[in-house]
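Worksheet: one structure, shown below.
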Amino acid sequence: MTSSSRCPTCGAPLGFRPGTMVAVCSYCKSLSARTDRDPRLIGKMADLVDTGSLLALGAEGRFAGRRFQMVGRTQMKHPMGGVWDEWYLALDDGRWGWLAEAQGRLYLTFQQALKMAVPGVEMLSPGLDLDLGEQGRWQVVEVSRGTFASAEGEIPWEVALGGQYPFADLAGANGAFATLDYGEEAPLFFTGRQTTLEELKIQAPPPVAAAPRLKVQGLPCPRCASPLELRAPDQTQRVTCPSCGSLLDASEGRLTYLKSLQQPHVRMFIPLGAEGRLRGVPLVCVGHLLRSCTLEGVRYPWSEYLMMDPKGGFFWLIESDGHWSFAEPVAPGEIRFPQAHQRTVQLQGETYRRFQDVPAVVEGVWGEFYWRVAQGETAQVAEFVKAPVSLSMEVQAQPGGGSEVNWTRSDYMEGAEIWQAFKLQGQPPTPTGVASHQPNPHWKKAWELGMWMVAALALILGITFWETVTHRETLLYRETFNLQERVPSAPGALPEPELVFFSQPIQITDSRKNLEVKLTAPVNNSWIGVEGALVNESTGLVELFEVSSSYYHGSDSDGPWTEGSPVGTVYLSALPAGTYVLRLAPSWESKQAPVRAMTVELRSGIVRWAYVLLAFLAALLVPVFQVIRAFSFESRRWAESMYSSQNAGED
């Protein structure tokens, strides 16, 4: 229930409902504090800055089944120059809600009790993982201070004219948002999430919104009077004049000259004002930045094109050495640091490895921007990679010692897709080198070839199994020949003119089976060779072959050694079915036979495992080569990283 008091300046009635600490007179703009008696005058309020808000005092709505009314607003100045609104909602159950409005986004929070001590604001830094016990785990997004600028209506906290209030904004999972307010002796904790006007169900909409602060066309440059065309007039903080190169401020409802820029020469692939449809979303190019980093004395530049959709959302197209990326903001609360050393981060269950950590400098500024960009400003950028996606954590220092972190997800794109989307002339630049998150083109081919390899190996195994089962090995002939009986041993004895052995008739019944001739002779530091022939008794067909057995051994300065084998084998192609005779003519190098006897075997249906192995190797060759190319590509990628694959492996 609201109690009435009088403004100490003009006597107009002031409303102090339970929980109201100060109130602003709607007539004379006096700020008064609530006391046990009459209100105490604090001072005169400055005029509110037109932020283009669609909200207004008196608007009603519902949240979580409870009716509320918007009864107050404060405006806070950011160290980077912007202004944000904090609206105060009085719920019908007596609670207060804080609705922060900044850059078109709404964050509704409620004060919650903290049952544990929290670190001081000086101990916090963007990107820090903060455990608040029962209140969950949070990532610090921004550590800064807001300066009280103006207010209207009823305020549930005691403000001071020009007072500065340290705070830390936090982000949690599933869009959760929180603030640690260090304006009190004991930090206050507010938690909630991002919301929308539709979700708040505003029943009494505010008055018709004022016209945009800046006209879309025909606005003259205060430096050279050239007409400027602003495509995001309600959000633009900085704009450059294409005629005189001046950097202009647009945050105070008018264009103000700041400085003349010495712009570097750069090729602008996407002109300002270019319109296109990318991934189903209409986009217009409103700004272009040239940024760079320097590592070991080498400068690495890249271009960032600021894109705006019809709803006022912003995206980026990034070009570096002919490689393109589509970038969009990521809620910091969705990022997880699973390791204390922060070499990896996780987003939606995917793990990204740290690739670079560099200071990025703005070298050139063209077009309009929704923040107070400045030529020469530096931000610390850490990049985490899992191709074809890159996550960037950008920490921006603020005047007065504060800092803010922003996360961006970049998806690799082909230049041809961008050229087609924006109907650009000519051809996209040819990419050079390997981009940090460029998809590995060889993995897909390796995978496809791997599937063929598996099919080929399965076929080879199937054929081998079938041949083993249906064409069993068969012994056709085996005989041991006594060489010493045919070779004279007495001195002066004459040997036979030619030593030849003939087998008994051998039946070959299957013309599809190959043949194996095996010679076994226990030679020792000697050899024996056999010239053989399989002769078909009916047709006279002759199949010639040679087989030998040699075995040598000894020792030298390197130790014992052996060479050869007492068993020799030769394989013959399948022969027509029929009766054959095996003709064998042995030979050796000495006068005496090196062995007493030799054994010859003839078998059919031999599985040539060497051929099977060669077929396996042939099936593996191309996929393995493709895998080698894929690993070579990854090696080239990580060769450009500050965090090598070896270091990542150690982690």
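Everything numeric in this text was worked out from a predicted model, so none of it was measured.
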Please check if the side chain of [X] supplies one atom and the backbone of [Y] the other of a donor-acceptor pair under 3.5 Å.
{"X": "His323", "Y": "Gly433", "value": "yes"}
{"X": "Gln346", "Y": "Gly349", "value": "no"}
{"X": "Glu634", "Y": "Phe631", "value": "no"}
{"X": "Glu334", "Y": "Gly175", "value": "yes"}
{"X": "Thr109", "Y": "Gly192", "value": "no"}
{"X": "Lys423", "Y": "Gln420", "value": "yes"}
{"X": "Arg231", "Y": "Val286", "value": "no"}
{"X": "Gln263", "Y": "Val365", "value": "yes"}
{"X": "Thr236", "Y": "Arg238", "value": "no"}
{"X": "Arg637", "Y": "Ala435", "value": "yes"}

Pair [X], [Y]: side-chain N/O donor-acceptor within cut-off below 3.5 Å:
{"X": "Asn406", "Y": "Gln396", "value": "no"}
{"X": "Tyr88", "Y": "Thr74", "value": "yes"}
{"X": "Glu184", "Y": "Tyr182", "value": "no"}
{"X": "Ser410", "Y": "His437", "value": "no"}
{"X": "Glu86", "Y": "Trp84", "value": "yes"}

So which atom in [X] and which in [Y] form the shortest heavy-atom distance, rounded to 0.1 Å?
{"X": "Pro301", "Y": "Ser292", "result": "CA-CB, 3.8 Å"}
{"X": "Arg62", "Y": "Phe68", "result": "N-CE2, 3.4 Å"}
{"X": "Ser436", "Y": "Glu383", "result": "OG-OE2, 2.6 Å"}
{"X": "Ala630", "Y": "Asn440", "result": "O-ND2, 2.9 Å"}
{"X": "Trp366", "Y": "Pro264", "result": "CZ2-O, 3.6 Å"}
{"X": "Arg372", "Y": "Glu377", "result": "O-OE1, 3.9 Å"}

Which atom pairs, one a donor and one an acceptor, fall under 3.5 Å between side chains of residues 128-137 and the rest of the protein, sequence neighbours left out?
residue: Asp129; atom: OD2; partner: Arg137; partner atom: NE; Å: 3.2
residue: Asp129; atom: OD2; partner: Arg137; partner atom: NH2; Å: 2.3
residue: Asp131; atom: OD1; partner: Gly133; partner atom: N; Å: 3.0
residue: Asp131; atom: OD2; partner: Arg137; partner atom: NH1; Å: 3.4
residue: Gln135; atom: NE2; partner: Ala113; partner atom: O; Å: 3.1

Going through the checks in order, is the side-chain contact (heavy atoms from CB on, under 4.5 Å) test met by Phe422 and Phe269?
-> CA-CA 10 Å; Phe422 289 91; Phe269 294 108; over 6 Å; no
Under the side-chain contact (heavy atoms from CB on, under 4.5 Å) criterion, do Gln425 and Trp419 qualify, and how do the steps go?
-> CA-CA 8 Å; Gln425 300 297 319; Trp419 254 244; over 6 Å; no
is_close_aromatic(Trp638, Tyr643), centroid dist under 6.0 Å =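 Here the rings of Tyr643 and Trp638 have centres that are no less than 6.0 Å from each other.
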Answer yes or no: are there more than 12 heavy-atom neighbours, outside [X] itself, under 6.0 Å from its atom [atom1]?
{"X": "Glu199", "atom1": "CD", "answer": "yes"}
{"X": "Arg267", "atom1": "CZ", "answer": "no"}
{"X": "Glu328", "atom1": "CD", "answer": "yes"}

Once you round to the nearest 0.5 Å, how far does [atom1] of [X] lie from [atom2] of [Y]?
{"X": "Ser320", "Y": "Gln438", "atom1": "OG", "atom2": "CD", "result": "11.0 Å"}
{"X": "Phe314", "Y": "Asp309", "atom1": "CZ", "atom2": "CG", "result": "8.5 Å"}
{"X": "Leu258", "Y": "Asp249", "atom1": "CG", "atom2": "CG", "result": "5.0 Å"}
{"X": "Asp321", "Y": "Thr432", "atom1": "CG", "atom2": "OG1", "result": "4.0 Å"}
{"X": "Trp96", "Y": "Leu89", "atom1": "CH2", "atom2": "CG", "result": "9.0 Å"}

Look at the aromatic rings of Tyr165 and Trp157 and report parallel, tilted or perpendicular, splitting at 30° and 60°.
->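 Correct class here is perpendicular.
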How are the rings of Phe326 and Phe315 set to each other: parallel, tilted or perpendicular (split at 30° and 60°)?
->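 Correct class here is parallel.
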Show your reasoning for whether side-chain contact (heavy atoms from CB on, under 4.5 Å) applies to Leu317 and Met413.
-> CA-CA 9 Å; Leu317 284 175; Met413 295 188 68; 4.3 Å; yes
Looking at side-chain heavy atoms only, is the closest gap between [X] and [Y] below 4.5 Å?
{"X": "Met70", "Y": "Leu99", "result": "yes"}
{"X": "Ile270", "Y": "Leu424", "result": "yes"}
{"X": "Thr344", "Y": "Tyr352", "result": "no"}
{"X": "Glu229", "Y": "Leu272", "result": "no"}
{"X": "Met642", "Y": "Val358", "result": "yes"}
{"X": "Met393", "Y": "Val405", "result": "yes"}
{"X": "Leu197", "Y": "Leu55", "result": "yes"}
{"X": "Arg353", "Y": "Arg343", "result": "no"}

Phe190 pairs by ring-ring contact (aromatic ring centres under 6.0 Å, His included) with which of Tyr107, Trp98, Phe177?
->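 For Phe190, the ring-ring contact (aromatic ring centres under 6.0 Å, His included) test succeeds with only one of Tyr107, Trp98, Phe177, which is Trp98.
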Sidechain N-carboxylate O distance under 4.0 Å for Arg291, Glu394 =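 Yes, charged N to carboxylate O under 4.0 Å.
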Would Arg299 and Glu363 satisfy salt bridge (charged side-chain N to carboxylate O under 4.0 Å, His left out), going step by step from the backbone distance to the final call?
-> CA-CA 12 Å; Arg299 172 180 169 270; Glu363 294 187 357; 2.8 Å; yes
side-chain contact (heavy atoms from CB on, under 4.5 Å) between Leu188 and Leu180, worked out = CA-CA 6 Å; Leu188 303 179; Leu180 281 170; over 6 Å; no
